[in-house]
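All of these numbers come straight from a predicted model, not from anything done at the bench.
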Amino acid sequence: MLPPIALFLAAAVIFVPLFKRFGLGAVLGYLAAGLVIGPGGLRLVSDVEAVLHVSELGVVMLLFLIGLELQPRRLWRLRARVFGTGGLQVLLTTITLGAIAYGLGQTPTTALVVGFGLAMSSTAMVLQMLEERKEMPQPHGRAAFTILLFQDISIIPFLALVPLLAVDATTGTSAGWKPIFIALGAIGIVIIGGRYALRPFFRIIAAAELPEVFTAAALLIVVGAAWLMESVGLSMSLGAFLAGVLLAGSEYRHELQAEIEPFKGLLLGLFFIAVGMGADTQLIIKDPLLVAQLAIGLLLVKAALLYLVGRLTGLRAYHAKRLALLAAQGGEFAFVLFAVAVSAGIMEREVQGLLVLSVTLSMMLTPLLYALAGGVGSDTDQPPYDEIIVPETPVVIAGFGPFGQIIGRILLLRKIPYTVLERDWQQVDFVRQFGNPVFYSDATRLEVLRAAHVHQAKLFIISVAEPETASLRIAETVRRHFPNVRVFAVARTREHAMKLMDLGVHKVIRRAFFSSLELTKWVLEELGEDREAAEDIVDRFRRFDQKNLLQQQAIHHDQSKLMQSAQDAAKELERLFELDSESSKKEEKKALKESKKDH
């Protein structure tokens, strides 16, 4: 048992960092590792089915964690998007691919199963890619999530429907309803048991105060729910997803996430390795043209339909293209569905082999295509800059993220008019929903600043902290062309603050500096200092740091002098507090003596 485990770990350690280094993503690294060590490569592992069966637990745990993030109320609020966007994608793709399969000679029943199976995308792959690239909050990330969620929900009744389709195709009787009732019963057991038994169960486990037992209990719930669904012919992921949803509102949600996450990551990696191992290279060698046509055809048809769905549901062209590239592959549920269809006599085994290979290749190509496409459409699909026609205001704000919005809200309360220049068009769309006066424009451009009447403003506020280059370019342009306007700016780091000061910015605040000082006061009070002493300590530190910042600004271009200055400042601050502590002790003794004399 140990050599295969070591082999999988070694393959992951070698391939994944290598592929990530070249910007191709971890998923493609796992798939490549499986292809190399599997039967189609070096043949170091032969029993692919066993590995795939075990590794499916990674997908199961992924769905459990997704369920934990979806509280039932939130899921109900998302119903329009889930059933609208997701339902439209599944319906259009099933009809289109089913019609193609029927045209290629498959029976209507087989064509329906093929169309629906290929309509599914890889939940594991898409979410992993979104997470790696931090794109989940983006419009295409949210759209992909709703589509995947509907797919995961829709596969449940369809898997239960497959035996019924088989019966209807042969006898026309209704005996196939029995599996549906069994499936509904199993779902009911999970929902009712989860609703009334899971929280008391975890309270008992938590009371034992043994972390390893809590971990075992979490795994038991996931595996148990998955096993129950599998035993009645449904997807294992369904049981895990339902269990996650039912625990989403519990007090144990975050602890469960922390316990399951490491297992999910390892098993999900193993799943992608197993998918790569399962690629039938002999079939590719035998008929490479047919395999390529199926895989590329699947990607092209699904990508076109996903783009159409994205545009119909309100996505801009750029995000619709990203969605199309992201979810055009086949999914892991297709493997399960086609296997069930073969067992039910609906699909021939040769057709299953070709479809599984085309899905596998589409999964292997997706990370590569998505990485190579990069920022496709990012320049041409952004809306044109706003034409700035606005009367002069006493305040102009460049950047309207959380920092700038707080300034704007308070100015609004004081009836002080202001003009906002924001370069992120998605942020502009968002804040305009709340009635904020904001222009989509680039504050680094001189003509924009003139159109905003910066020359007549009293104050120019730069609340752009990232990237630093944009903040510095704005500061440089304003100070050079509008020297009479006072400039306040927010800095991301100490070094950023020094660069802004070099440019002559009048007031610079480090974004996290004062909030961290405020939290430090709370920490000191919690540790026993009285409020007055805590405020005095923090205030002395603030004054010293501000004085030191001004001193270091003059030498920050010389790295060696700056390092020496930082070391000297640390020692000086330490001496300052030591002297203050000794002085406090002397004053306490003096006060005590005077108190004794009075008595």
Side-chain angles (χ1 to χ4, degrees), residues 23-28 62-63 65-66 69-70 74-75 77-93 96 118-154 298-332 362-363 365-384 401 422-433 440:
L24 301 177
V27 174
L28 190 58
L62 174 67
L63 266 294
L65 292 175
I66 292 172
E69 293 292 336
L70 281 177
R74 184 184 172 199
L75 185 58
R77 288 198 301 269
L78 289 173
R79 66 189 184 280
R81 276 190 288 172
V82 171
F83 288 91
T85 306
L88 184 61
Q89 183 272 330
V90 170
L91 180 65
L92 288 178
T93 310
T96 304
L118 295 180
M120 301 295 104
S121 303
S122 175
T123 300
M125 174 175 287
V126 173
L127 293 183
Q128 181 84 356
M129 290 166 62
L130 287 171
E131 185 178 340
E132 279 183 8
R133 293 165 174 79
K134 305 290 188 295
E135 293 180 3
M136 184 62 82
Q138 295 291 321
H140 62 273
R142 295 195 299 268
F145 178 77
T146 56
I147 287 172
L148 293 170
L149 184 55
F150 181 83
Q151 290 178 358
D152 293 340
I153 294 171
S154 65
L298 172 62
L299 288 169
L300 289 176
V301 171
K302 283 191 72 174
L305 292 172
L306 281 162
Y307 179 81
L308 176 63
V309 168
R311 296 294 282 162
L312 289 175
T313 53
L315 289 183
R316 293 182 182 272
Y318 167 69
H319 291 294
K321 290 173 185 176
R322 300 300 285 173
L323 174 65
L325 289 168
L326 189 67
Q329 77 291 127
E332 50 272 1
S362 72
M363 291 173 72
L365 288 171
T366 296
L368 180 62
L369 292 173
Y370 197 71
L372 292 177
V376 60
S378 57
D379 294 326
T380 59
D381 292 317
Q382 290 184 4
E422 171 58 62
R423 192 176 183 179
D424 185 344
W425 57 267
Q426 296 176 56
Q427 179 71 0
V428 170
D429 284 349
F430 176 73
V431 298
R432 276 179 177 166
Q433 297 175 26
Y440 170 50

task: Take the angle between the ring planes of Tyr318 and His140 and call it parallel below 30°, perpendicular above 60°, tilted in between.
output: perpendicular
message: So, taking the atom named OH in Tyr370 and the one named CG in Leu130, what distance separates them when rounded to the nearest 0.5 Å?
response: 6.0 Å
message: How close do Leu315 and Ala143 get, counting heavy atoms only, and between which atoms?
response: CD1-CB, 4.0 Å
query: For Leu308, what residues pass the side-chain contact (heavy atoms from CB on, under 4.5 Å) criterion, not counting sequence neighbours?
result: Leu92, Leu312
field: Contact summary for Leu323 and Gly310, nearest pair of heavy atoms
entry: CD2-CA, 4.2 Å
From Leu149 atom CG to Leu127 atom CG, the distance as rounded to the nearest 0.5 Å: 10.0 Å
message: Can you give me the closest heavy-atom contact between Ala324 and Leu306, atom names plus distance?
response: CA-CB, 3.8 Å
task: List in chain and number order the residues that pass side-chain hydrogen bond (donor to acceptor under 3.5 Å, both in side chains) with Gln89, two or more places apart in sequence or in another chain; answer none if no residue qualifies.
output: Thr93, Gln151
query: Checking side-chain contact (heavy atoms from CB on, under 4.5 Å) against Gln329, which of Leu298, Val126, Leu118 comes through?
result: Val126
statement: Residue set satisfying side-chain hydrogen bond (donor to acceptor under 3.5 Å, both in side chains) with Ser362, at least two apart, ordered chain then number -> none
- line: Sorted by chain and residue number, the side-chain contact (heavy atoms from CB on, under 4.5 Å) partners of Leu365 (sequence neighbours excluded) come out as Leu299, Leu369
message: With rounding to the nearest 0.5 angstrom, report the CD1 to OG1 distance, Ile147 to Thr123.
response: 11.0 Å
field: Contact summary for Ser154 and Met120, nearest pair of heavy atoms
entry: OG-CE, 4.0 Å
Minimum-distance pair of heavy atoms, taken over all atoms of Val82 and Phe150: O-CB, 3.5 Å
- line: Rounded to the nearest 0.5 Å, the OG1 atom of Thr146 sits from the CG atom of Leu88 at a distance of 11.0 Å
task: Among residues two or more places apart or on two chains, list those pairs meeting side chain to side chain donor-acceptor pair (under 3.5 Å) that have a residue in residues 298-313.
output: Ser121-Lys302
